[in-house]
Amino acid sequence: MDKSTTLTSDLQQQQDQKWVTGSELLLSGLLMEGVDCVFGYPGGNVLYIYDAMVHNRDFKHILTRHEQGAIHAADGYARSTGKVGVCIATSGPGATNLVTGIATAYYDSVPLVIITGNVSTAVMGTDAFQEADIVSMTMSITKHSYLVRDAQDLPRIIHEAFHIASTGRKGPVLIDIPKDVSNQKMLAQPTSPIHIRGYHGNPIPNHAEIDQLIEAIAQAQKPVIIAGGGVVYSNASDELIEFANKTNMPVATTLLGLGGFPSAHDLWLGMPGHHGAYAANMAIQNADLILSIGSRFDDRVTMKLDGFAPKAKWIAHIDIDPAEIGKNIKTDIACIGDIKAVLQYANTLAVSSQSSSWIAEVQQNKRLYPLRYKDSDTELKPQFVIEMIHETTQGNAIISTDVGQHQMWSAQFYKFKHPRSLITSGGLGTMGFGFPAAIGAQIGNPDRLVVSINGDGGMQMCAQEMAICAINQIPVKIVVINNQVLGMVKQQQELMYERRYSQIDLAGSPDFVKLAEAYGIKGLRASNKEEAIRVWEEALHTPGPVLIEFVVPTEENVYPMVLAGTTLDQMIMGDFE
């Protein structure tokens with residue numbers, strides 16, 4: 001082939017290819033990754049990206065009313081579907097408004113791809129208008145970050161970002177795109193296969209480690225499983241049920257693990273830890289073998305470290321992240337790998353532990369010390385509200401919570417049947433998370449009932465997102481448990497600071513019913529049982545979004561409670577001490 005023929009061939013190939021901008025490459029790359037909705041808020045340095053959306057009818061974008069609402073919505077979408085959530089924000093304050101949401105996802109291992117704009121490359125480093133080094137700011141709370149300097153790299157970067165976010169220990173990945181890069185024109189190139197040097201997403205389980213675990217279980221007389229969010233994220237609920245049945249081991253589920261093991265199962269003990277069930281906490285303290293599956297032994301589960309599980313002969317840990325092994329609790333048996341894969345192999349070998357009398361003991365504790373509260377015929381108790389929501393939904397709803405007392409009451413009194421049914425901020429404890437996360441969950445699960453349970457404090461941190469529920473008719477049922485106080489702070493000040501209450505009064509909060517109506521959402525209120533049953537039934541039968549305010553006593557506390565610096569068996573039982 002002569003030189004002229006080669007040139008002609010190259011020119012023909014270029015003519016066959018399409019000239020595109022970096023923004024168009026970004027949108028097509030997201031669609032190729034299966035993204036069906038992006039949450040975001042525009043600004044100057046992402047306007048080329050938003051301009052590209054105008055002519056891309058396949059691209060769905062939800063305009064939130066705050067960048068934090070966008071990333072929490074993407075987070076709720078990811079947790080409830082198992083897919084990667086995506087959000088977009090502009091540079092400077094737009095990007096920095098995402099930081100809390102990035103940290104929320106990072107500490108709970110949620111797969112997100114966060115796209116931020118930046119100033120043009122020519123002025124980067126000059127403190128240009130709305131410039132912020134978001135890559136450096138978020139380095140400790142992202143799994144990986146990219147600063148895109150050439151739009152030719154975008155197809156590869158997008159493909160890698162989704163792979164990194166969704167494999168191994170899942171987490172947020174940031175893609176920062178300067179404005180000129182988003183408008184750079186080039187010939188579209190096919191995406192190449194992924195090869196990331198040094199990155200190994202899902203480690204292959206070591207069968208010898210699992211064999212050692214099975215041997216320990218066969219000898220154990222008082223074993224306990226602590227199942228965490230890793231069970232849910234690895235879609236290993238069925239494998240866990242099979243494993244628990246075969247080994248005859250009782251199961252406690254952490255806050256993020258709720259739903260990963262069905263609450264109706266005879267071997268379920270409840271949630272352990274700070275506000276854990278009596279049966280779960282006492283089982284951990286008396287067990288001879290503790291097996292953590294996808295739970296990282298965080299301080300809200302272990303409480304006083306040197307008093308945790310004092311009778312355990314073996315501490316075993318199954319986790320995809322080697323960094324978690326032995327980080328907080330000395331580990332005797334470690335099984336590194338994807339939980340689903342580990343349990344699939346373990347189930348081929350599993351034998352029953354010697355736990356018959358132990359099972360009888362822990363089940364007796366469940367009967368003798370259930371979660372209880374003092375009901376009232378004159379006041380509306382928050383626990384009653386949660387029980388009512390559970391009974392009317394039969395445990396089949398997706399429940400999103402904010403952070404505080406209502407979060408713990410939801411964890412205690414709503415009985416979760418299925419994985420990915422509880423959307424809540426665990427590691428960071430982010431107020432303002434619950435409502436926008438519910439919006440994301442509803443977008444990802446249009447045929448499911450989604451209930452957003454909030455306190456009157458957290459609800460005011462992202463209340464503006466009611467606008468997008470009204471405009472898009474997103475049918476989230478928005479519950480506000482209104483006790484007119486920062487309840488969890490009040491409870492700690494009451495029990496640990498000798499009732500020296502400081503800056504907790506929320507009595508000046510808005511009328512939530514009128515606030516909902518101002519956004520075009522139906523608002524309902526109840527302050528006793530009869531009203532609660534009636535308005536909740538009305539809400540369930542009303543198409544579209546509804547806000548329901550339940551007025552509850554200020555004095556009500558969450559029990560059991562283990563105070564900081566004490567051990568799991570030193571529970572305060574409240575009215576049932």
Side-chain angles (χ1 to χ4, degrees), residues 21-30 33 35 37-53 59 61-75 77-78 84-106 110-151 153-162 164-165 171-184 436 440:
T21 65
S23 295
E24 291 168 332
L25 269 182
L26 172 66
L27 300 192
S28 62
L30 294 176
E33 294 296 334
V35 175
C37 185
V38 170
F39 305 88
Y41 201 96
N45 285 320
V46 288
L47 285 186
Y48 286 122
I49 297 172
Y50 277 82
D51 186 55
M53 295 180 194
F59 195 83
H61 179 280
I62 294 288
L63 173 63
T64 59
R65 294 305 184 263
H66 193 287
E67 291 90 354
Q68 189 166 333
I71 192 164
H72 290 333
D75 186 314
Y77 173 93
V84 177
V86 182
C87 65
I88 299 177
T90 193
S91 65
T96 58
N97 278 342
L98 297 175
V99 171
T100 297
I102 296 172
T104 301
Y106 181 78
V110 179
L112 297 183
V113 169
I114 302 109
I115 298 158
T116 55
N118 211 328
V119 298
S120 294
T121 53
V123 295
M124 289 182 73
T126 68
D127 296 332
F129 177 67
Q130 290 193 334
E131 180 182 5
D133 184 359
I134 194 64
V135 170
S136 296
M137 289 181 187
T138 59
M139 194 165 289
S140 65
I141 53 170
T142 51
K143 191 174 176 185
H144 194 64
S145 298
Y146 295 92
L147 173 59
V148 186
R149 292 188 175 273
D150 187 338
D153 296 329
L154 268 170
R156 172 186 60 81
I157 287 172
I158 295 165
H159 202 32
E160 286 182 3
F162 276 79
I164 293 169
V173 176
L174 177 74
I175 303 175
D176 194 34
I177 307 174
K179 187 173 184 177
D180 57 324
V181 174
S182 68
N183 193 41
Q184 181 185 337

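Numbering of residues begins at 1 and proceeds along the displayed sequence. Basis for what follows: all heavy atoms, side chains included, without hydrogens, waters or symmetry-related copies. Keep in mind that this is a model prediction, so the values were computed, not measured.
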Looking only at heavy atoms, what is the nearest atom pair of [X] and [Y], with distance?
| X | Y | answer |
| --- | --- | --- |
| Val46 | Ala89 | CG1-O, 3.5 Å |
| Ala78 | Pro111 | CB-O, 3.5 Å |
| Val148 | Pro178 | O-CD, 2.9 Å |
| Ile49 | Ser182 | CG1-CB, 4.1 Å |
| Pro172 | Ile114 | CB-CD1, 3.6 Å |

Using side chain to side chain donor-acceptor pair (under 3.5 Å) as the criterion, list what pairs up with [X], not counting sequence neighbours.
| X | value |
| --- | --- |
| Thr142 | Ser145 |
| Arg65 | none |
| Thr121 | Asp180 |

Rounded to the nearest 0.5 Å, how far apart are [atom1] of [X] and [atom2] of [Y]?
| X | Y | atom1 | atom2 | answer |
| --- | --- | --- | --- | --- |
| Leu112 | Tyr77 | CG | OH | 11.5 Å |
| Leu47 | Asn183 | CG | CG | 11.0 Å |
| Ile88 | Ile177 | CD1 | CD1 | 8.0 Å |
| Leu174 | Met139 | CG | CE | 9.5 Å |
| Ile158 | Leu27 | CD1 | CG | 8.5 Å |
| Ser28 | Leu154 | OG | CG | 9.0 Å |

- Determine yes or no for a side-chain-to-main-chain donor-acceptor pair under 3.5 angstrom, with Glu33 supplying the side chain and Leu30 the backbone. no
- Item | Donor-acceptor under 3.5 Å (Thr138 side chain, Ile141 main chain) | no
- Go through Phe59 and Leu26 one step at a time and tell me if the side-chain contact (heavy atoms from CB on, under 4.5 Å) criterion holds. CA-CA 11 Å; Phe59 195 83; Leu26 172 66; over 6 Å; no
- Non-neighbouring partners of His159 that pass ring pair (Phe, Tyr, Trp, His ring centres under 6.0 Å), sequence neighbours left out: none
Tabulate below the donor-acceptor pairs under 3.5 Å that side-chain atoms of residues 92-106 make, not counting sequence neighbours, or state none.
from   : atom 1 : to     : atom 2 : distance (Å)
Thr96  : OG1    : Gly92  : O      : 3.3
Thr96  : OG1    : Pro93  : O      : 3.2
Asn97  : ND2    : Glu67  : OE1    : 2.9
Asn97  : ND2    : Pro93  : O      : 3.3
Thr104 : OG1    : Thr100 : O      : 2.7
Thr104 : OG1    : Thr430 : OG1    : 2.6

- Task: Any salt bridge (charged side-chain N to carboxylate O under 4.0 Å, His left out) involving residues 133-149? Give me the pairs, sequence neighbours left out, ordered by first then second residue.
- Result: none
- Message: For residues 41-52, which residue pairs pass the side chain to side chain donor-acceptor pair (under 3.5 Å) check, not counting sequence neighbours?
- Response: Asn45-Ser91, Tyr50-His61
- Partner set under side chain to side chain contact (heavy atoms under 4.5 Å, CB included) for Ala128, not counting sequence neighbours: Val119, Val123, Thr126, Glu131
- Item | Partners meeting side chain to side chain contact (heavy atoms under 4.5 Å, CB included) with Asp176 (sequence neighbours left out) | Thr116, Asn118, Ile134, Val135, Leu147
